[in-house]
Amino acid sequence: MTNQRITMTVNGVDRTIEAYPMERLLDVLREKLQLTGTKEGCGEGECGACSVLLNGELVNSCLVPVAQAANSRVITIEGLGSPANLDPVQEAFLRYGGSQCGMCTPGMIVAAKYLLNHNPHPSPEEIREGLSGNLCRCTGYMRIFEAVEMASRAQRGKSAT
Amino acid sequence: MQQRIVGTSSVRKEGAAKVCGTARYIDDMALPGMLYGATVRSSIPRGRITKIEFDLEIPWHEFTIVTAADIPGSNSIALVQNDWPCLAEKMVNHFEEPILLLAHPDCHLLPQAVSSVRIEYEPLPSIHSIAESERQHPVVWGTDNILKSYLMEKGDVDAAWAHADYIIEGEYETGAQEHLYIENNGVIADYSEDAGVTVWGSMQCPFYVHKSLMHLMALPEDKVRVIQVETGGAFGGKEDYPSMIAAHAALLARKAARPIKLVYDRAEDMAATTKRHPSRTRHRTAVAKDGTLLAAEIDLALDGGAYSTLSSTVLSRATIHAGGCYYWPSLRVRAHAFATNTPPHGAFRGFGAPQSLFAIERHMDRIAAAIGFTPEEVRRKNFLRPGLTTATGQEIPPGVDLDHLLTRALEASSYHEKKLRFEQENPRRALKKGIGIAAFLHGAGFTGSGERRMRSIASMDATPEGNLRVLVSSTEFGQGTNTILCQIAAEALGIDYDAVCMAPPDTHVVPNSGPTVASRTAMVVGKLVASAAVEIKRILIDSGYLHEPYITADFQQAASAYVKDRGSLCAEGHYQAPPNVYWDDDTYHGEAYGAYAWAVYVAEVAVDTVDYHVSVDDFVAVQEVGRVINPVLATGQVEGGIAQGIGYALYEKVVWQNGHMSNNQMTNYIIVTSQDIPPIHVYFEEVPYSYGAFGAKGLGELPIDGPAPAILNAVSHATIEDFCAIPLLPEDVMAKLVRSRFQVGEEVSA
Amino acid sequence: MRACPEHFNLVSSGSLSSVLGMLASDRGKWLPIAGGTEIMVLFSAGKLQQRNLINLWNLAELREIRVNEDTVSIGGGCTFSQIRSHPVIAAEFPLLALAAGWIGGVANQNRATIAGNLANASPAADSPPALLACEAEIELISARGTRRLPYTQCHLGYKRTVIAPDELIYAIQLPRKFSGWCTYARKVGTRNAQAISKVCIAAQAKIDFGRIQTIRIGMGSIAPIPLQLSQIEQLLAGCPIDRIPLVESRKLLDTAITPIDDIRSTKTYRRQVAGNLLEECLRTLAGTGA
């Protein structure tokens with residue numbers, strides 16, 4: 001096989017890379033685009049550490065051949081906010097203890113963001129279901145649920161004003 | 001004294017980097033010219049290596065190949081006994097034992113190369129359980145398969161049986177547990193003749209790796225440099241194994257004269273690295289009619305795997321915790337760690353205590369049932385109280401109040417109301433509900449004289465800009481080390497939290513404050529940081545650079561001026577044992593730990609008689625851990641420990657096939673998801689401990705001890721059956737329930 | 001990652017007809033890949049044998065859910081998220097909507113397709129029991145044309161189907177006849193989410209005048225293929241709901257299934273739980289139909 005030129009819009013910026021079509025989107029993001037915020041935990045779509053948004057849909061980037069992401073929009077954790085300008089979900093994870101070791105955190109935040117995009121005020125059960133594809137070994141999930149609830153509440157506050 | 005920062009939930013120091021994805025873990029890093037490493041491992045449980053062949057279709061000249069012959073120093077990983085080979089030479093003693101190392105610039109070519117190294121063996125018989133190891137047929141380690149033994153005795157056990165109204169026996173088993181940190185083990189190593197070896201990696205204990213590399217590479221202290229980078233979870237699993245993977249990367253780097261990245265994938269990490277020791281505990285207990293415990297004979301056995309690694313220290317903690325949080329007039333614990341042909345079992349949060357406490361807490365419920373007491377009554381009757389002594393003769397200090405913890409936990413869980421209701425409703429319901437208690441203790445810091453031998457040092461210094469740095473080898477891997485140590489320093493200095501930061505955990509930069517294990521960071525290292533901080537403040541005031549009262553900006557200006565004028569500002573805190581603390585390693589007598597944390601957990605479960613699944617519906621955790629430095633982080637530690645404990649009790653089964661983990665995938669090794677976890681209610685009682693930082697004791701390990709016995713007690717309550725082994729999977733529940741009470745009905749109208 | 005991407009080919013050809021042309025011209029050469037939730041796992045583990053893959057993801061012709069007068073037609077490339085959130089499926093085929101939610105987590109439901117779930121032909125797949133209970137038909141397409149067959153005839157054996165190497169699953173056809181039927185479905189997995197089933201069941205019954213008129217029951221993970229329990233369906237047809245032969249049904253089930261021991265469970269457990277589920281199913285259906 002030969003390398004192909006593949007163009008994607010990553011975090012709002014058009015990027016063109018050379019890649020084999022079966023390279024995993026995860027590896028392309030991490031190695032070719034130096035977006036190492038997206039993590040690999042299992043390599044089999046089980047843990048969610050590699051979660052990104054592909055055309056607005058939550059996916060495990062370890063299970064996406066990069067050819068399938070050609071001409072698509074990709075949002076990674078780096079596209080949500082920066083330490084100086086945190087997204088409200090990032091802010092809530094930071095403040096309420098949603099992140100411990102930090103390895104599941106980027107994927108978890110992307111999944112939480114996806115959940116809130118589709119359902120701005122989820123019930124506790126909906127939060128549990130929305131995050132069930134993202135495994136965390138540190139927190140026991142309680143602080144994460146609280147962070148998502150607080151982020152949702154912050155949005156409600158914002159939309160009310 | 002009113003505290004400004006300790007006791008508040010300062011935000012995690014490295015938290016912003018973590019939530020933004022900018023925190024750099026080992027696999028996020030690369031060095032110029034770096035090669036990728038891989039490990040060729042044994043494919044049999046035990047045997048002699050007879051031949052190593054390299055398949056011809058691989059261009060081997062492109063690869064760096066390392067064997068045991070390339071080791072400049074000693075071919076072992078230095079831990080306690082140094083019996084763990086870095087690379088197997090003639091014999092292999094477990095599946096996945098490292099034999100040979102490969103490196104190549106293209107990481108994608110390594111898997112095929114690894115499978116193209118053909119190793120032939122003369123297989124030897126192997127053993128895979130405690131029972132097989134005990135029979136010594138064959139002997140696979142030393143002269144008797146025994147990696148370590150302890151005998152701990154108090155009082156006259158043999159005299160007690162004659163006076164006992166009841167003698168209650170029980171046998172309890174716990175399985176292996178995989179750490180399943182989300183970040184696998186990994187390091188990058190670089191080597192040059194001038195600088196020696198430098199290793200960056202995911203790890204808990206930089207100085208363990210440092211010591212091991214000196215010994216392996218035959219290098220002096222200053223030619224080995226170990227730097228911990230952001231570490232994605234550890235739980236004990238990065239206490240011992242990083243010394244192995246660092247050794248491998250260092251050998252490849254030396255031979256290739258290029259930097260080497262060696263990062264495991266999930267399947268390799270699960271199959272090859274350490275797990276929690278499986279255990280078997282036998283209890284024989286003498287009890288009086290009024291419920292008083294008279295004597296215990298406890299036989300404790302751990303499966304240590306193929307090499308001794310840390311088994312002796314795990315066994316030590318298991319031994320000391322074997323009697324639980326009860327007063328024993330007499331007690332004897334015989335403890336053995338046995339060798340088997342599985343990969344060595346190692347450190348895992350709790351470090352022997354979860355195994356022992358599972359056994360004693362399950363046994364207490366069985367004692368209660370046998371003598372007609374409630375689980376609550378038999379515990380209250382026998383709790384350790386101030387003035388009483390533990391099994392090692394350590395006197396319980398004032399302030400310890402297990403009765404109160406129990407009362408609070410029972411109230412918070414509506415225990416009495418639920419217990420009664422479940423017992424009334426269960427006969428009519430397919431979903432059997434139960435509620436169970438576990439009361440327990442966990443010793444903080446190293447066992448016995450460990451802290452005194454370690455003689456840890458922490459220091460603080462100031463940057464030219466006047467920022468204050470904490471210098472320790474204590475590492476952050478999610479538990480909050482960075483945050484709490486900065487809080488402690490800021491509190492002691494009298495300045496803002498934001499004005500304190502952590503120096504990089506680099507053995508060339510920081511002093512050896514000991515390994516990050518044993519729930520010792522807040523209590524022991526925190527205290528050293530506090531005293532270094534007090535010293536910094538004293539220096540600035542005595543030298544006239546700082547005057548009280550001051551604000552943070554004054555302090556920073558003073559520190560900056562001091563550094564400018566005098567070159568540097570730094571101070572050290574040295575470990576000093578609390579007074580009147582003695583420990584005898586031979587008799588296992590004395591103050592086993594500086595302090596214990598105490599807890600009572602209550603689990604509520606539902607056992608489904610259709611699929612035999614046990615779900616934990618609610619969980620209450622009440623603990624006394626001394627001063628809580630950071631409530632949000634502390635609560636997160638407890639909740640996370642409970643989630644691991646629920647997994648340990650009900651989900652996490654390592655499926656062994658001939659000593660090989662056959663379910664080494666996240667898909668098949670089952671940890672709880674967000675949909676399996678109950679609401680967890682966490683309560684702290686704070687009884688400050690004078691010799692811990694601002695009164696802190698240990699916290700990190702405590703929460704893994706309680707869930708399994710509380711849950712199994714609840715399942716036994718729900719089903720009126722005795723369950724004595726974990727993990728308790730639906731298949732195991734079914735085995736007891738089918739053909740008993742819950743057999744399916746006949747033709748019943750709906 | 002244990003595979004070398006350089007050694008694999010993935011072709012995206014833009015339209016269904018050109019995909020079918022390629023499948024026809026080189027029979028057996030190509031492995032179709034859609035959401036990748038199965039194939040990419042094998043690939044990463046270094047266990048994917050086929051080196052030539054052909055991309056089906058986002059072929060518009062395969063991603064439509066069409067509501068016709070008598071049927072609902074689900075394009076083979078529809079994801080389980082699409083299926084779950086479709087109002088007509090939720091209303092008329094609740095078993096399938098529920099089963100779609102059993103699959104992995106949200107990220108997997110966003111990628112896994114119904115055709116992939118069937119073509120992969122795992123006996124533990126989540127959607128087959130519901131499809132069996134819904135009397136689904138599958139529509140296969142190739143350069144040779146299309147053919148339509150009952151889903152009950154799709155599976156030949158463990159991981160073997162009637163789908164020819166040049167064929168794709170074009171659509172799943174569901175008859176719109178289940179309005180008012182009582183339903184029951186349950187998955188017993190290794191945990192509540194992100195789980196592979198140990199046993200799963202989906203069933204629905206038309207209950208009128210206190211009798212089961214017709215019942216359809218599908219089960220997974222208890223045989224080399226997803227199983228329709230036709231003998232039990234026949235036994236129960238016409239049964240008054242207050243006299244359901246539970247013991248007889250369990251006996252028939254015992255002879256119909258051939259569960260195995262594997263890494264996730266035991267055959268003893270699967271056999272026992274399959275019986276319990278069947279019993280709970282029948283009690284529940286009878287209860288809701290009463």
Side-chain angles (χ1 to χ4, degrees), chain B residues 36 38 106-115 263 265-268 430 608-613 615 646-647 650-655 657 661-677 729-735 737-739 742-750, chain C residues 1-7 41 44-46 104-105 186-196 198-200 207 239-250 261-290:
Chain B
Y36 295 87
D106 184 350
C107 63
H108 294 129
L109 300 183
L110 284 162
Q112 202 200 339
V114 167
S115 58
V263 176
D265 68 8
R266 181 61 59 184
E268 181 172 22
D608 190 319
T609 53
V610 173
D611 65 0
Y612 313 103
H613 176 72
S615 61
I646 291 171
L650 296 174
Y651 297 89
E652 298 183 30
K653 180 171 187 167
V654 175
V655 181
Q657 280 176 0
M661 183 184 190
S662 57
N663 58 333
N664 58 331
Q665 289 173 275
M666 276 208 189
T667 308
N668 291 323
Y669 182 81
I670 306 300
I671 67 167
V672 295
T673 70
S674 56
Q675 289 194 287
D676 301 291
I677 193 86
L729 268 59
E731 287 76 5
D732 309 310
V733 175
M734 181 195 78
L737 297 196
V738 172
R739 291 182 304 278
F742 310 125
Q743 183 56 289
V744 289
E746 281 301 293
E747 302 187 13
V748 183
S749 63
Chain C
M1 238 277 282
R2 299 190 177 184
C4 188
E6 192 183 344
H7 298 157
V41 175
S44 286
R186 185 163 171 185
K187 171 176 173 172
V188 174
T190 48
R191 60 186 163 203
N192 290 334
Q194 288 283 71
I196 294 175
K198 295 178 179 183
V199 189
C200 60
I207 298 171
C239 267
I241 54 170
D242 56 356
R243 287 201 300 280
I244 291 181
L246 292 175
V247 172
E248 180 69 15
S249 300
R250 286 188 74 137
D261 288 336
D262 67 10
I263 209 162
R264 297 183 195 102
S265 192
T266 63
K267 59 173 176 257
T268 319
Y269 175 84
R270 289 187 163 106
R271 189 170 284 285
Q272 176 70 34
V273 171
N276 294 357
L277 288 178
L278 178 65
E279 182 169 331
E280 185 182 76
C281 166
L282 298 181
R283 286 172 189 273
T284 307
L285 291 177
T288 44

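Letters A, B, ... are given to chains in the order of the sequence lines, protein chains preceding strands, and every chain is numbered from 1.
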Taking all non-hydrogen atoms of both residues into account, name the closest pair between [X] and [Y] and its distance.
X: C/I263; Y: B/V655; answer: O-CG2, 4.2 Å
X: C/N276; Y: B/V610; answer: ND2-O, 2.9 Å
X: C/R191; Y: B/I671; answer: NH1-O, 2.5 Å

B/Y612/C/V188 under side-chain contact (heavy atoms from CB on, under 4.5 Å): CA gap, chis, key distance, verdict | CA-CA 10 Å; B/Y612 313 103; C/V188 174; over 6 Å; no
Tabulate, in ascending numerical order, the residues of residues 106-114 of chain B having at least one heavy atom closer than 4.5 Å to a heavy atom of chain C, or enter 'none'.
->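 The residues closer than 4.5 Å to chain C, in numerical order, are B/H108, B/L109, B/P111.
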Honestly, the part of C/A3 sitting under 4.5 Å from a heavy atom of chain B is backbone
Top residue by heavy-atom pair count (under 4.5 Å) with chain C, among B/V672, B/N663, B/I670?
->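 Heavy-atom pair counts peak at B/I670.
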Counting heavy-atom pairs under 4.5 Å to chain B, which of C/R270, C/R264, C/R186 comes out on top?
->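 Among the listed options, the one with the most contacts to chain B is C/R186.
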Using non-hydrogen atoms only, which part of B/D676 is less than 4.5 Å away from chain C: side chain, backbone, both, or neither?
-> both
Going by side chain to side chain contact (heavy atoms under 4.5 Å, CB included), name the residues that satisfy it together with [X], two or more places apart in sequence or in a different chain.
X: B/V263; value: B/I26, B/D27, B/K261
X: C/T268; value: B/M734, C/T266
X: B/S615; value: B/A606, B/H613, B/D617

Any sub-3.5 Å donor-acceptor pair from C/Y269's side-chain atoms to B/D732's backbone N or O?
->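 Checked: no pair found.
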Interatomic distance, B/N668 atom CG to C/I196 atom CD1 [nearest 0.5 angstrom] = 5.5 Å
